[in-house]
Structure formats: structure tokens, C-alpha cells
Amino acid sequence: MAPSAAQRIVIENCAIATVDAGDTEYASGHLVLAGNRIESVGAGQAPDGLENVVRRIDGRGHLATPGLVNAHHHFYQWITRGLATDHNLFNWLVALYPTWARIDEQMTYAAAQGSLATMARGGVTTAMDHHYVFPHGTGDLSGSIIRAAAEMGVRFTLARGSMDRSVKDGGLPPDFAVETLEGALAATEETVRMHHDASFDAMTQVAVAPCSPFSVSTELLKQGAELARRLGVRLHTHGSETVEEEKFCHELFGMGPTDYFESTGWLGEDVWMAHCVHMNDSDIAAFARTKTGVAHCPSSNARLAAGIARVPDMLASGVPVGLGVDGTASNESGELHTELRNALLINRLGAHREAALNARQALRLGTYGGAQVLGRADQIGSLEPGKLADVVLWKMDTLAHASIADPVTALVFGAAAPVTASFVNGEQIVADGRLTTVDEDAIARSTREEAQRLARISAQA
């Protein structure tokens with residue numbers, strides 16, 4: 001817990017959705033942040049006699065929730081948005097890999113800033129980036145992404161990705177876009193050793209993240225899993241995203257994606273996978289049995305016509321599920337709070353129809369569920385004493401939401417709600433919808449310039 005001498009921020013008179021185990025909610029309650037921890041949360045006014053109160057916030061007309069947790073993203077794609085808009089996944093990848101393979105450190109830094117800024121303004125307090133494109137001689141790409149997150153003040157997991165299966169090996173990436181097996185493993189280990197923080201209140205963590213079955217050799221998957229477990233970090237990859245991927249796995253490995261992943265050591269409570277759209281009952285049972293997590297990316301799945309993931313069945317079976325933006329070349333808005341609504345609506349088009357998900361389940365996916373799959377559910381994802389002070393205040397009394405009586409329903413079913421305040425580790429990073437730590441206008445200019453520079457380089461190539 002925070003020391004008694006810690007500076008305190010008191011938030012009062014707001015509705016609160018704690019997203020704790022009992023889904024405790026308060027129509028009008030308080031939060032006390034002491035240093036970087038939540039000290040108390042409850043109904044009514046804050047306790048009397050609190051010392052070292054440096055700020056009081058009147059939360060009237062607001063809903064307080066845990067900060068949103070993004071469980072899957074590709075930041076570099078911010079500078080290739082709006083391309084290949086009518087493609088399925090495999091055709092989209094083939095169209096864009098030659099451009100992506102020409103990124104450099106300056107581009108990845110600007111793209112990370114754009115991705116992070118958009119998410120943070122929309123209530124994300126913990127983000128992750130699955131970065132797997134490492135062209136030779138283009139600088140410290142991992143370091144540039146971590147630097148952007150640190151400057152913005154967002155809690156961050158870098159999933160250090162890799163690819164070693166190119167076109168000549170039967171994969172999709174061009175030959176010049178991949179690393180060697182040895183090079184990928186060595187660079188991943190170096191990134192973990194340099195940047196991973198295992199402490200309770202860590203702002204930066206690293207996961208081992210070979211890209212996908214169709215861009216990674218079996219040996220890289222196997223040795224990547226061994227490396228992650230030797231270093232004590234989590235594992236992340238793409239899985240069961242499309243019917244084409246399932247066909248690819250059967251043709252190349254003689255089994256479906258889930259069985260293939262299990263054969264390479266890639267099921268377990270330290271693993272989470274993006275998408276998992278095409279899962280049969282046996283696949284879901286395997287994920288539930290091993291507590292393998294899923295990052296559900298509803299907008300990207302729709303954009304690439306991948307299909308509807310069986311999220312209600314996963315949840316009913318005990319599979320940990322969070323939400324992901326996915327790369328902004330397949331989700332041009334780049335905002336996680338819109339995924340709350342899209343997860344609910346798209347899943348209602350599936351077999352369970354109106355019973356698929358409700359508003360509170362959607363909010364849980366975007367908060368506690370994301371914390372689960374990142375391995376941080378004891379630290380973030382719900383508003384409880386002792387947890388880290390990652391809190392968002394949503395303004396719910398504007399024209400867009402004021403006539404909806406239930407604030408959680410308003411947040412999930414309604415338009416994107418303005419963020420009045422967002423705190424990460426007890427530090428405010430958003431005030432009245434604007435970032436406090438960086439210059440949004442400068443980021444907009446730099447991302448535009450880097451997108452144009454990448455387009456010129458790709459055209460010349």
C-alpha cells in the first residue's frame with residue numbers, strides 16, 4: 001500500500017464502476033489516490049481527516065472506471081493507414097509488407113507517438129505493441145517505441161516480435177523483411193534484458209512475440225517459448241485469425257493452428273494470442289484448460305473480413321479475454337474505447353445474438369480482461385485498494401449521453417465519451433480531452449511527414 005505520507009488526490013461525487021470480482025458499482029462515490037496506488041474506493045464522500053491532499057476533483061456528471069487496457073496493437077502501422085482497404089488478411093499483408101519493410105527508427109517513433117496519443121486520449125492507460133518488422137540497419141526500433149510510451153506516461157508492454165519465414169520458405173513476408181532465427185532470438189533476449197521491469201508498478205515490460213504461423217519457422221516458435229520461460233516473461237503471437245491461416249497450417253504442418261501451437265509449447269497461462277476467430281469447441285477447450293489468453297480485435301476482424309470470434313463461448317469456458325485495437329492499418333480509428341461498443345455489437349451478430357455480451361461484460365473485456373492477458377490482473381484492471389492508480393473519468397452529462405440513466409450502458413452503447421481526466425500510476429496524462437505530457441499538434445505533423453516519407457521511399461523502391 002501507499003505510505004501514509006504520500007500525496008493524495010481525492011475524486012468525489014462520481015458514479016463508479018469498479019470492475020472488481022463482484023462488479024461493485026456506486027451511483028455516487030469517491031476514490032482516493034495515494035501516490036501511485038488506489039487507497040480507497042466507496043460510496044459517498046471520501047473519509048474525513050485525510051492528510052497531504054493536494055487536489056480534490058468534483059466528479060459530478062462523470063463515470064470513473066479502471067483505465068482501459070489494450071491487449072494487441074501494431075503501432076508502426078499508424079503511418080500506413082487507409083491502404084489496401086478492400087483486402088482480406090493475406091492479400092492485405094502481401095500488399096503492405098514491402099512498404100512496412102522500409103520503416104526506420106524515426107518512423108517507428110512517430111508512429112508510436114500517434115498510436116499512443118490516440119489511445120490515451122480515449123481512456124487507455126496500459127498499451128501494448130506487437131512490433132515484428134526489423135529491417136537491417138534502421139536503428140533502435142524497440143527503443144524508439146519504448147521511449148514514446150515513457151514520454152507519454154502510458155503503462156506499456158512491448159511484445160518484441162520477429163519473422164524468419166519469408167516467401168522463399170513458403171511464408172508471406174518478402175525475403176528482405178525477415179530476420180534469421182539466431183538473430184531474432186538474440187535481439188529478443190537483449191530487448192528483454194535491457195527493458196523488462198518485473199516490479200509491481202512497472203511502467204515497461206517486454207514479451208517474446210514471434211509474429212504468426214505463416215511468417216515464423218517452427219524452430220523460432222519453439223525456441224522463442226523456451227527463451228520467454230527462461231527469462232520469466234510472457235509470450236504473444238497471432239492465432240486462428242482467418243480460414244486461410246487454418247488451411248495454411250493444415251497444408252504445412254498437418255494440423256490446425258491450436259494443435260500446432262500446443263506442439264510448439266505455445267499454450268499456457270503465460271501466453272496470449274491475438275484474434276482467435278476460427279476456433280472450434282476443441283480449440284476453446286484447449287485454451288480454457290491451459291488458461292491461454294485471447295486479445296479480441298472486433299474492428300480489425302471486420303475490416304479484414306476475418307469473421308466473428310466466439311467470445312461468449314470463450315468466456316463461458318473460462319478463457320481469459322481482453323480487447324485489442326490491432327494495427328491501425330486495419331483499424332484506422334486506432335481507439336480502444338470504440339472497441340467496447342464494437343465487441344458487444346459484432347458478437348450479437350453471432351450465434352448467441354442478443355445474449356452474446358452485455359455492457360458490463362464489454363467494459364470488463366476492455367479493463368480487467370486486458371490486465372489478465374497481460375499478466376497484470378493483480379495490479380491493474382479494476383478499482384480496488386492496493387491496486388495501481390490507473391483511473392479514467394468519463395464525462396457523461398453532455399448531449400451525447402445525458403439522457404441515458406445508466407452510465408455504464410451510456411459508455412458502452414453510446415457515442416465515444418469525452419475523457420475529463422486520465423491517471424496512470426497516479427499521474428494525470430489527460431485533462432479535458434487533451435494530453436498533458438506531449439504536444440498533440442506536433443505529433444500530428446510528424447506522423448503526416450513520416451507517412452509521406454515512407455510512401456516516397458516505397459514508391460522509389
Atom pair NE2 (H296) and CG (N301), whose distance is rounded to the nearest 0.5 Å: 6.5 Å
Salt bridge (charged side-chain N to carboxylate O under 4.0 Å, His left out) involving D406 - partner list, sequence neighbours excluded: R360
Distance-only side-chain donor-acceptor flag, D313 / H352, under 3.5 Å: yes
Nearest heavy-atom neighbours spanning H337 and A416: NE2-CB, 3.2 Å
List the atom pairs, donor and acceptor, that lie under 3.5 Å between side-chain atoms in residues 362-369 and the rest of the protein, sequence neighbours left out.
from	atom 1	to	atom 2	distance (Å)
R364	NH2	D20	O	2.6
R364	NH2	D23	OD1	2.9
T367	OG1	L363	O	2.7

Separation between CD of E335 and CG of N70, rounded to the nearest 0.5 Å: 12.0 Å
Heavy-atom check, side chain of T24 versus side chain of I16, under 4.5 Å: no
Gap between atom CD of Q361 and atom CG of L315 - 0.5 Å precision: 6.5 Å
Side-chain heavy-atom pair I404, M396 within 4.5 angstrom cut-off: no
Partners passing side-chain hydrogen bond (donor to acceptor under 3.5 Å, both in side chains) against E244 (at least two apart in sequence or in another chain): T242
Salt bridge (charged side-chain N to carboxylate O under 4.0 Å, His left out) partners for E190, two or more places apart: none
Distance (rounded to the nearest 0.5 Å) between I38 CD1 and L33 CG: 6.5 Å
T328 side-chain N/O to W78 backbone N/O, donor-acceptor pair under 3.5 Å: yes
Pairs satisfying ring-ring contact (aromatic ring centres under 6.0 Å, His included), at least one member in residues 193-230, at least two apart: F90-F214
Salt bridge (charged side-chain N to carboxylate O under 4.0 Å, His left out) against D86, all qualifying residues, sequence neighbours excluded: none
Polar side-chain atom of R165 near backbone of S215 as donor-acceptor pair, under 3.5 Å: no
S240 side chain to C276 backbone, donor-acceptor under 3.5 Å: no
All ring-ring contact (aromatic ring centres under 6.0 Å, His included) counterparts of H72, not counting sequence neighbours: H74, H130, H236, H238, H275
Side-chain donor/acceptor of E179 to backbone N/O of D164, under 3.5 Å: no
Set of side-chain hydrogen bond (donor to acceptor under 3.5 Å, both in side chains) partners for D197, sequence neighbours left out: S199
L411/H401 under side-chain contact (heavy atoms from CB on, under 4.5 Å): CA gap, chis, key distance, verdict: CA-CA 8 Å; L411 180 68; H401 303 93; over 6 Å; no
Main-chain N/O of C211 paired with T237 side-chain donor or acceptor, under 3.5 Å: yes
N/O donor-acceptor pair under 3.5 Å between H30 side chain and G42 backbone: yes
T18 side chain reached by Y26 side chain, heavy atoms, under 4.5 Å: yes
Heavy-atom pair with the smallest gap, counting every atom of A329 and W92: O-NE1, 3.2 Å
Chi angles and distances behind the side-chain contact (heavy atoms from CB on, under 4.5 Å) call for V430, L435: CA-CA 4 Å; V430 177; L435 295 165; 3.9 Å; yes
Modelled atom types, side-chain donor and acceptor of S299 and E339, under 3.5 Å: yes
Contact check, side chains of D326 and H73, non-hydrogen atoms, under 4.5 Å: no
Test: E189 and R193 ion pair at under 4.0 Å: yes
Contacts of E332 that satisfy salt bridge (charged side-chain N to carboxylate O under 4.0 Å, His left out) - sequence neighbours left out: R303
Heavy-atom side-chain proximity of R310 to D281 below 4.5 angstrom: yes
Test item: N280 side-chain N/O and S282 main-chain N/O as donor-acceptor pair under 3.5 Å: yes
Set of residues satisfying ring-ring contact (aromatic ring centres under 6.0 Å, His included) with respect to H131, sequence neighbours excluded: Y76, F134
Shortest non-hydrogen contact from F261 toward P213: CZ-CG, 3.6 Å
Exercise: identify the closest heavy-atom pair between V412 and L340: CG1-O, 4.0 Å
E427 atom CD, over 12 foreign heavy atoms within 6.0 Å: no
Side chain to side chain, L93 and W100, heavy atoms closer than 4.5 Å: yes
Check: P66 and I380 side chains under 4.5 Å, non-hydrogen atoms: no
Any donor-acceptor pair under 3.5 Å from S115 side chain to A112 backbone: no
Closest heavy-atom pair and its distance - M314, A309: CE-CB, 4.5 Å
Rounded distance (nearest 0.5 Å) linking atom CG of L357 with atom CG of N347: 4.5 Å
Polar side chain donor-acceptor pair, T108 to S144, under 3.5 angstrom: yes
Pairs meeting criterion salt bridge (charged side-chain N to carboxylate O under 4.0 Å, His left out) with involvement of residues 75-85, two or more places apart: none
Shortest non-hydrogen contact between A184 and L220, atoms and distance: CB-CD1, 4.3 Å
Euclidean distance, W394 CH2 relative to C14 SG, rounded to 0.5 Å: 14.0 Å
Under 3.5 Å donor-acceptor, K387 side chain and A377 backbone: yes
Main-chain N/O of V373 paired to R234 side chain as donor or acceptor, under 3.5 Å: yes
Qualifying residues under side-chain hydrogen bond (donor to acceptor under 3.5 Å, both in side chains), relative to N425, sequence neighbours excluded: N36, R155
side-chain contact (heavy atoms from CB on, under 4.5 Å) between L96 and L83, worked out: CA-CA 8 Å; L96 291 177; L83 304 177; 3.9 Å; yes
Criterion side-chain contact (heavy atoms from CB on, under 4.5 Å) on M273 and L267, from CA distance to verdict: CA-CA 9 Å; M273 298 190 196; L267 294 186; 4.0 Å; yes
Within-4.5 Å side-chain heavy-atom neighbours: R160 and V192: no
Distance-only polar pair, side chains of T218 and Y260, donor-acceptor under 3.5 Å: yes
